[in-house]
Amino acid sequence: MTTAVHPAWELTTPDLQGKTVVVVGGSGGVGEGVVRTLLDDGATVIATGRDRARLDELRANVVDAETDQRLHTEILDASAPDLDAQIEALATTYGTFDGVVVAVASWGNQGRRPALSLNDDEWQHLLDANLTTVFRLFRGFLPHTARTGMILQLNGMSADIPFPGAAGVALSAAASKSLTRTIAAELDGRGPRFYQVILGVVRTRARQRAGVDDPTWLDGEEVGAHVAALVVGTSPLSDTTVHYLTDKRVGPEAH
């Protein structure tokens with residue numbers, strides 16, 4: 001287990017003691033860093049994923065004697081017909097959530113292809129995996145998230161720029177950004193805060209294993225630092241829905 005990296009732009013280290021945060025996709029590359037920071041800042045974390053082996057690996061990578069009892073790993077499938085029941089079961093076990101982080105994405109099986117070469121099934125799979133799942137997670141977690149809490153999606157720069165060869169991923173990213181903004185406007189302060197955080201390239205364990213790394217890229221723990229500040233509302237961007245975290249020297253910005 002390694003200690004979370006706290007970035008220079010972090011104004012104060014948030015105190016998350018007594019807070020319960022769900023990280024959907026917590027066993028993924030970015031999710032691991034977020035989980036580590038939230039634990040380091042005192043939160044109880046429920047990390048979810050679809051693969052028990054990867055969740056067990058996450059636990060081995062992030063916990064120590066002090067944090068072991070505060071990390072819970074649970075199977076959750078955002079495409080399952082009974083997703084709402086799965087989320088309700090989590091709430092029954094762990095109580096109302098102070099934060100929910102959605103970190104899910106799928107490249108599908110079709111590889112990098114021009115947009116108009118995709119068939120209907122390939123296109124629908126990409127939309128289901130990258131957009132419908134986000135919608136279903138937002139809808140499912142809303143009733144179980146504290147009014148003073150927050151629900152956040154971690155997204156990529158394809159939400160704003162062309163992504164040749166990955167049209168379904170890019171379109172879903174742009175659409176989920178729009179969805180987040182719309183929900184935030186509809187709630188208008190009458191429910192948990194909704195956020196969209198657009199990320200630059202993040203250093204992940206999988207990339208490093210493949211020999212792909214750059215120290216100027218974001219660390220997952222730095223993403224977690226911004227998430228933690230949003231959970232407790234200490235970030236200067238707490239009243240802004242869409243954030244950009246693309247430069248580790250600058251930190252989160254609102255464009």
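This is a predicted model, so every value here is computed, not measured.
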(request) Return yes if some donor-acceptor pair links the side-chain N/O of K248 with the main-chain N/O of W217 below 3.5 Å, else return no. (result) yes
(request) Check for a donor-acceptor pair, side chain of Q110 on one end and backbone N or O of W107 on the other, with a separation under 3.5 Å. (result) yes
(request) Mind checking the CD1-CD spacing from I87 to E74? Nearest 0.5 Å is all I need. (result) 12.5 Å
(request) Check the side chains of S176 and N155 for a donor-acceptor pair under 3.5 angstrom, ignoring hydrogens and angles. (result) yes
(message) Tell me the closest heavy-atom pair linking P192 and T145, and the distance in Å.
(response) CB-CG2, 3.8 Å
(request) Measure across R113 and L118 and return the closest heavy-atom pair with its distance rounded to 0.1 Å. (result) NH2-CA, 3.6 Å
(request) Report yes or no: do Q124 and D120 form a side-chain donor-acceptor pair below 3.5 Å? (result) no
(request) Quick one: pull up CG in L187 and OG1 in T182 and give me the separation to the nearest 0.5 Å. (result) 11.0 Å
(message) Please give me the minimum heavy-atom distance between H226 and S235, naming the atom from each residue.
(response) CE1-OG, 3.5 Å
(request) Taking the side chain as every heavy atom from C-beta outward, state whether L230 and H243 have any pair of such atoms under 4.5 Å apart. (result) yes
(request) Test side-chain contact (heavy atoms from CB on, under 4.5 Å) on I151 and F97 and set out the steps. (result) CA-CA 9 Å; I151 298 177; F97 306 119; over 6 Å; no
(request) Please determine which of L16, T148, D41 meets the side-chain contact (heavy atoms from CB on, under 4.5 Å) test together with V232. (result) L16
(message) Can you tell whether the side chains of R193 and D239 come within less than 4.0 Å, N to carboxylate O?
(response) no
(request) For side-chain contact (heavy atoms from CB on, under 4.5 Å), just list the numbers for R203 and D214, CA-CA rounded to whole Å, side-chain angles, deciding distance to a tenth of an Å, and then say yes or no. (result) CA-CA 7 Å; R203 303 174 75 187; D214 187 328; 5.9 Å; no
(message) Taking G33's backbone N and O only, do any of them form a donor-acceptor pair with T37's side chain (distance below 3.5 Å, no angle check)?
(response) yes
(request) Using atom types as modelled and distance alone, determine if a side-chain donor or acceptor of D219 lies under 3.5 Å from a backbone N or O of E221. (result) no
(request) Enter the distance from I75:CD1 to Q86:CD here, rounded to the nearest 0.5 Å. (result) 9.0 Å
(request) Grab the two heavy atoms, one from D68 and one from R59, that are nearest each other, plus how far apart they are. (result) OD1-NH1, 2.8 Å
(message) Just so I know, are the side chains of V197 and V223 near enough to count as touching, which here means a heavy-atom distance under 4.5 Å?
(response) no
(message) So V250 and Y244, do their side chains get closer than 4.5 Å, heavy atoms only?
(response) no
(request) Using atom types as modelled and distance alone, determine if a side-chain donor or acceptor of R139 lies under 3.5 Å from a backbone N or O of D84. (result) no
(request) Flag the pair M150 / V231 as yes when at least one side-chain heavy-atom distance between them is below 4.5 Å, and no otherwise. (result) yes
(message) I'd like to check Y195 versus L237 (side-chain heavy atoms, cut-off strictly below 4.5 Å). Are they in contact?
(response) no
(request) Determine yes or no for a side-chain-to-main-chain donor-acceptor pair under 3.5 angstrom, with R36 supplying the side chain and N61 the backbone. (result) yes
(request) Would you check if H144 and V100 make a side-chain contact, meaning some heavy-atom pair closer than 4.5 Å? (result) no
(message) Using 0.5 Å steps for rounding, measure from the CD1 atom of I46 to the OH atom of Y94.
(response) 6.0 Å
(message) Testing the 3.5 Å rule here: is there a donor-acceptor pair between the side chains of T67 and D64?
(response) yes
(request) For R70 and V45, indicate whether the former's side chain and the latter's backbone hold a donor-acceptor pair under 3.5 Å. (result) no
(message) Test your reading of the model: is there a side-chain donor-acceptor pair from D51 to the backbone of R54, 3.5 Å cut-off?
(response) yes
(message) Measuring from atom OG1 of T48 to atom CG of L137, what distance do you get when rounded to the nearest 0.5 angstrom?
(response) 7.5 Å
(request) Examine L152 and L218 and state if one hydrophobic cluster contains both, with Ile, Leu, Val, Met, Phe, Trp and Tyr joined whenever side-chain heavy atoms are less than 4.5 Å apart. (result) yes
(request) Kindly say whether T44 contributes a backbone atom to a donor-acceptor pair with the side chain of T20 at under 3.5 angstrom? (result) no
(request) Measure the OG1-CG distance between T133 and D77 for me, rounded to the nearest 0.5 Å. (result) 9.5 Å
(message) Evaluate R136 against S79 for side-chain hydrogen bond (donor to acceptor under 3.5 Å, both in side chains), listing each step before the verdict.
(response) CA-CA 8 Å; R136 299 182 78 223; S79 63; 5.8 Å; no
(message) Taking the side chain as everything from C-beta on, heavy atoms only, tell me whether L126 gets closer than 4.5 Å to S106.
(response) no
(message) Minimum heavy-atom separation for G18 and D98, please, with both atom names.
(response) O-OD2, 3.9 Å
(message) Taking V63 as the starting point, is it possible to reach V34 by hopping between hydrophobic residues whose side chains are less than 4.5 Å apart?
(response) yes
(request) Looking only at non-hydrogen atoms, find the nearest pair between E222 and L245 and report the distance. (result) O-CD2, 4.1 Å
(request) Would you indicate whether the side-chain heavy atoms of W9 and D247 approach each other to under 4.5 Å? (result) no
